[in-house]
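Proteins come first, then strands; the chains are lettered A, B, ... in the order of their sequence lines, and each starts at number 1.
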Number of protein chains: 2
Amino acid sequence: MGMTNEGERPPGPTGAAFLLAQLGAHAAELFAERLAELDLTPPQGGLLRLLADSPGRSQRELADDLGMPPSRFVAFADELEERGLIERRRNPVDRRLYAVHLTDEGGKLLAGLRKVGADHERRMTDGLSEQERDQLTGLLRRLADRQGLSPGVHPGFRLMRAERSGRGGGRRKG
Amino acid sequence: MGMTNEGERPPGPTGAAFLLAQLGAHAAELFAERLAELDLTPPQGGLLRLLADSPGRSQRELADDLGMPPSRFVAFADELEERGLIERRRNPVDRRLYAVHLTDEGGKLLAGLRKVGADHERRMTDGLSEQERDQLTGLLRRLADRQGLSPGVHPGFRLMRAERSGRGGGRRKG
DNA sequence: TATTGTTATACTCTATAACTATA
DNA sequence: TATAGTTATAGAGTATAACAATA
């Protein structure tokens with residue numbers, strides 16, 4: 001009989017689902033902190049990766065992939081374009097569409113982002129042997145598959161603040 | 001040598017860290033949906049559990065545990081008190097403090113919440129054998145430990161919308 | 001008429017700081 | 001003076017809908 005603890009243990013947060021939520025939030029937070037060193041938010045990093053994989057798509061398609069309304073994508077893309085990381089090119093065939101591309105500088109930043117990602121991966125699985133890490137990854141992949149999660153699509157970007165900013169309000173001092 | 005895929009694979013989101021973030025967000029979302037059936041948000045459920053474990057603490061302490069400012073805790077507790085789930089009792093020794101307690105009805109709802117939690121646990125680990133589930137839980141617990149995550153403390157409540165509501169604005173129809 | 005991209009607007013959420021009462 | 005609880009306000013974020021250009 002397995003050493004499970006359903007019903008014998010303090011019924012609180014002790015199961016795999018809770019640990020997944022806790023570790024997932026921690027991983028996302030830590031990754032966001034590392035990304036901030038490159039002046040990127042997770043959705044911004046997501047777009048760069050998306051553009052590297054399939055360049056030239058329309059804003060609407062990209063907005064859909066990132067899970068944000070097209071209206072929001074505009075300002076989102078504006079900022080990255082002003083920073084010289086992405087580029088809008090008119091589609092000569094259908095002049096309503098923009099084809100969004102990564103610039104050279106955007107490509108460079110993407111390389112840095114990938115380094116950060118690899119480093120993050122190491123830190124998150126710290127303390128596990130190589131075999132255990134493979135074991136974990138395999139189990140997680142099976143769960144993700146079973147839950148119908150598309151590989152590579154946003155880890156909850158919708159729930160994170162899209163833009164970096166100082167929070168909140170406050171009464172004026174006078 | 002392990003079948004790891006660092007550097008050989010499309011460098012994108014394929015590692016354990018990404019899967020953790022993805023599955024964690026999914027677990028949190030799914031759990032929130034189930035909680036909504038009880039008209040509870042995750043932070044509200046968190047408070048009920050907290051009160052069951054250690055009743056009678058002050059609002060400030062509870063707010064700290066939930067990771068919210070005391071000012072926000074007021075309205076948060078108001079709603080649960082109006083619904084008859086929690087109760088504020090004056091501390092006769094230090095009349096500045098409230099001692100927050102679960103009511104009988106709050107206790108009943110907590111029982112329902114635990115059922116939902118157990119069910120959620122089963123759904124999230126669906127497709128794994130009992131042995132694999134134990135294996136996974138063990139690995140996750142070690143990671144959580146190594147990352148310094150306190151057992152049982154909020155899985156990212158801060159990043160979730162605290163109150164249920166229809167989103168956003170929109171121009172008025174006229 | 002339908003669709004892409006864009007702007008305008010209204011609305012929610014929430015953090016900060018002032019405030020009240022107790023100590 | 002300091003602390004628990006509360007209220008008031010400001011401001012960010014963002015979804016919805018109107019709008020303009022093109023098909």
Side-chain angles (χ1 to χ4, degrees), chain A residues 32 41-44 47 51 56-82 86-101 154 156-174, chain B residues 32 41-44 46-47 56-82 86-101 154 156-174:
Chain A
T41 63
Q44 287 172 341
L47 179 59
L51 293 181
R57 296 167 65 217
S58 76
Q59 296 192 169
R60 172 168 286 271
E61 285 176 312
L62 294 166
D64 281 353
D65 277 12
L66 291 173
M68 65 173 69
S71 66
R72 190 178 147 200
F73 187 90
V74 175
F76 182 70
D78 281 350
E79 189 192 323
L80 293 173
E81 191 171 37
E82 278 162 28
I86 69 173
E87 193 182 10
R88 287 166 165 118
R89 298 185 199 154
R90 276 283 176 204
N91 182 331
V93 178
D94 186 339
R95 286 165 48 76
R96 289 172 305 181
L97 280 72
Y98 277 120
V100 185
H101 288 268
H154 81 89
F157 288 165
R158 236 163 314 183
L159 301 173
M160 312 198 63
R161 307 252 177 271
E163 312 280 342
R164 188 178 339 293
S165 71
R167 307 283 172 72
R171 188 182 286 182
R172 226 179 25 199
K173 217 188 327 187
Chain B
T41 63
Q44 287 172 340
L47 179 59
R57 295 168 66 217
S58 77
Q59 297 193 167
R60 172 167 286 269
E61 285 176 312
L62 294 166
D64 281 353
D65 277 11
L66 291 173
M68 65 174 68
S71 67
R72 191 180 148 201
F73 187 90
V74 175
F76 181 72
D78 281 350
E79 190 192 323
L80 293 174
E81 191 171 38
E82 277 162 28
I86 68 172
E87 193 183 11
R88 288 167 164 116
R89 300 185 199 154
R90 277 283 177 204
N91 182 330
V93 178
D94 186 339
R95 287 166 46 77
R96 288 173 306 180
L97 280 71
Y98 277 119
V100 185
H101 288 267
H154 81 89
F157 288 165
R158 236 163 314 182
L159 300 174
M160 312 199 63
R161 307 254 179 268
E163 312 281 343
R164 189 181 337 295
S165 71
R167 304 285 172 71
R171 186 180 285 180
R172 227 179 23 198
K173 219 190 319 188

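A straight line from CZ of B:Arg72 to C1' of C:dA17 spans 18 Å, rounded to a whole angstrom. C:dC13 atom P lies 12 Å from atom CD of B:Gln44, rounded to whole Å. Spacing between atom CZ of A:Arg60 and atom P of D:dA23 amounts to 17 Å, rounded to whole angstrom units. Following rounding to the nearest Å, A:Gln59 (CD) and C:dT7 (C1') show an atom-to-atom distance of 14 Å. Across the protein-nucleic acid pair, A:Met68 atom CE and C:dG5 atom C1' stand 15 Å apart, rounded to whole Å. What separates CG of A:Asp64 from P of D:dA15 is a distance of 13 Å, to the nearest Å. Rounded to whole angstrom, the span from the CG atom of A:Asp78 across to the P atom of C:dT7 amounts to 7 Å. One interatomic measurement links the two molecules: CZ of B:Phe76 to P of C:dC13, which rounds to 13 Å at whole-angstrom precision.
For the residue pair A:Val74 and A:Arg88, the shortest heavy atom distance occurs at O-NH2, 3.5 Å. Closest heavy-atom contact between B:Ala77 and B:Ile86: O-CD1, 3.7 Å. Closest approach of A:Val93 to A:Asn91, counting heavy atoms only: N-OD1, 2.8 Å.
A cation-pi geometry, defined here as NZ or CZ lying under 6.0 Å from the six-membered ring centre and within 45° of its normal, does not hold between A:Arg89 and A:Tyr98.
Within 3.5 Å, a donor on the side chain of B:Ser71 pairs with an acceptor on the base of C:dT16, or the reverse.
Residues that satisfy the side-chain contact (heavy atoms from CB on, under 4.5 Å) test with A:Leu62, not counting sequence neighbours, are A:Leu47, A:Leu50, A:Leu51, A:Arg57, A:Phe73, A:Val100. Residues meeting the side-chain contact (heavy atoms from CB on, under 4.5 Å) test with A:Pro70, sequence neighbours left out: A:Arg60.
For the segment residues 88-98 of chain A, the set of residues with a heavy atom within less than 4.0 Å of an atom of DNA chain D comprises A:Val93, A:Asp94, A:Arg95, A:Arg96, in numerical order.
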